[in-house]
Amino acid sequence: AIPSSATDNYDLVDALESHISKVDDNQLVLYAQMANLVQLILPSIELDLKEIAHTFSKFACNAHTICDPELRPLGTGLFPAISIINHSCVPNAVLLFEGRTAYVRALQPLSSNTEVSISYIETAATTLKRHNDLKQYFFTCTCPRCIKDSEEDALLEGYRCKDQKCDGFLLPDSGKKAYTCQKCSISRDEEEVKKVSSEILLLSDKASSFLSSGNNSEAGSVYKTIEQLEQKHYHSFSTTLLH
């Protein structure tokens with residue numbers, strides 16, 4: 001599967017799944033416009049516009065973001081051999097970049113008959129968030145982590161106990177429309193939790209607006225308010241608080 005010529009590269013790209021039948025109408029229109037643009041750029045070459053649209057769709061769901069060692073995005077690349085590696089939320093390998101070269105490194109010893117898997121998305125997220133992030137790839141993950149119970153999700157979501165002296169985290173209780181502390185069993189009303197989360201989100205948008213317009217002192221003041229709210233709202237292990 002390692003390409004050694006332009007033809008090899010083309011054959012590997014040709015074999016990739018485009019998911020064109022699952023793409024929504026707005027995206028299809030965009031692919032058609034992009035295909036027409038290619039035709040305008042290369043007027044002397046006879047092109048199949050439908051094939052070009054399929055290629056753009058393949059690129060959208062098979063390309064990888066090239067990152068530097070600190071995981072800052074530098075660009076996008078299509079690596080056909082790596083694109084055939086399946087996703088798992090508990091991957092046994094990781095994708096790394098050195099310049100424009102992509103490497104797949106094992107995270108654990110792998111026997112010869114073990115399927116290699118990588119994660120297409122941020123793994124430090126709840127099941128719902130991971131599944132939403134995977135929609136662009138047109139599949140639902142059924143890895144062992146995704147079919148387990150919700151305790152890990154509750155820890156990652158990270159709502160803390162109503163009693164500020166307790167270090168427990170909240171588990172959703174759909175029957176009572178509430179969240180219950182797994183340590184001391186004190187409940188927080190679901191609407192109250194959602195209201196505080198919405199308030200934090202609105203304040204975050206306000207702070208970002210101040211920051212983008214150069215009002216740094218106002219942004220700093222709002223961020224301090226957000227931090228105080230989040231420390232009361234989220235458990236110390238919460239990925240939201242970490243971010």
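Keep in mind that this is a model prediction, so the values were computed, not measured.
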Within this structure, what is the OG-CG distance for the pair S197 and L202, rounded to the nearest 0.5 Å? 11.0 Å
Check whether S221 reaches the backbone of S217 with its side chain - one donor and one acceptor, N or O, closer than 3.5 Å. no
P91 and L107 have their tightest heavy-atom pair at O-CD1, 3.6 Å
Indicate whether the side chain of N132 and that of K135 have a donor and an acceptor atom separated by less than 3.5 Å. yes
Are I84 and V13 in one and the same hydrophobic cluster, where Ile, Leu, Val, Met, Phe, Trp and Tyr link if side-chain heavy atoms are under 4.5 Å apart? yes
Heavy atoms of C67 and P73 approach each other most closely as SG-CA, 4.2 Å
I want to know whether Y159 and H233 have ring centres closer than 6.0 Å. yes
Is S18 reaching over with its side chain to a backbone N or O of S57, donor-acceptor style, under 3.5 angstrom? no
Does any non-hydrogen side-chain atom of T76 lie less than 4.5 Å from one of I66? no
Return each pair, listed once, that meets salt bridge (charged side-chain N to carboxylate O under 4.0 Å, His left out) where at least one residue sits in residues 75-103; pairs must be two or more places apart or across chains. E98-R105
Check whether R188 reaches the backbone of Y179 with its side chain - one donor and one acceptor, N or O, closer than 3.5 Å. no
Can you tell me if N92 uses its side chain to pair, donor with acceptor, with the backbone of V116 under 3.5 Å? no
Checking the side chain of Q182 only, and the main-chain atoms of F169 only, is there a donor and an acceptor separated by less than 3.5 Å? yes
In the hydrophobic clustering (ILVMFWY, side-chain contacts below 4.5 Å, transitive), which residues join I20, or is it alone? V23, L28, L30, Y31, M34, L37, V38, I41, L42, I45, L47, L49, I52, F56, F138
Looking at side-chain heavy atoms only, is the closest gap between Y223 and L211 below 4.5 Å? yes
Say you draw a straight line from CG of D163 to NZ of K165; how long is it, rounded to the nearest 0.5 Å? 7.0 Å
Is the count of non-hydrogen atoms from other residues, nucleotides or ligands lying under 6.0 Å from E122 atom CD greater than 12? yes
Which heavy atom in H87 sits nearest to a heavy atom in C89, and how many Å separate them? NE2-SG, 3.3 Å
Is it the case that T180 and S185 place a side-chain donor and acceptor less than 3.5 Å from each other? no
Under 3.5 Å, is there a donor-acceptor pair between the side chain of K183 and the main chain of D167? no
Using every non-hydrogen atom in the two residues, find where R130 and C146 come nearest and quote the distance to one decimal. NH2-SG, 3.4 Å
Side-chain touch Y234/I200, heavy atoms, less than 4.5 angstrom: yes
Determine the minimum heavy-atom distance between K58 and L16, stating which atoms define it. CE-O, 3.1 Å
Hydrophobic clustering (ILVMFWY, side-chain heavy atoms < 4.5 Å, transitive) - are L95 and L12 grouped together? no
Side-chain donor or acceptor of S212 paired with backbone N/O of S208 under 3.5 Å: yes
Would the distance check show the side chain of R160 and the main-chain N or O of Q231 forming a donor-acceptor pair, the cut-off being under 3.5 Å? yes
Where is the tightest heavy-atom contact between G168 and C181, given as atom of each residue plus distance? CA-SG, 3.8 Å
I need the L170 CG to S238 OG distance, nearest 0.5 Å. 11.0 Å
Path from I121 to L78 over hydrophobic side-chain contacts below 4.5 Å: no
Mark yes or no for whether R145, through its side chain, and T123, through its backbone, hold a donor-acceptor pair below 3.5 Å. yes
Between CD1 of I118 and CG of L96, what distance do you get to the nearest 0.5 Å? 10.0 Å
Are I85 and F59 co-members of a hydrophobic cluster defined by side-chain heavy atoms under 4.5 Å apart? no
To the nearest 0.5 Å, how far apart are CD in E190 and NZ in K195? 15.0 Å
Which distance, rounded to the nearest 0.5 Å, do you find between the OH of Y120 and the OG1 of T65? 13.5 Å
Verify, without hydrogens or angle tests, whether N62 (side chain) and E17 (backbone) share a donor-acceptor contact under 3.5 angstrom. yes
Within the 4.5 Å heavy-atom criterion, are T225 and K206 side-chain neighbours or not? no
Are the side chains of Q136 and C61 in contact, using a 4.5 Å heavy-atom criterion? no
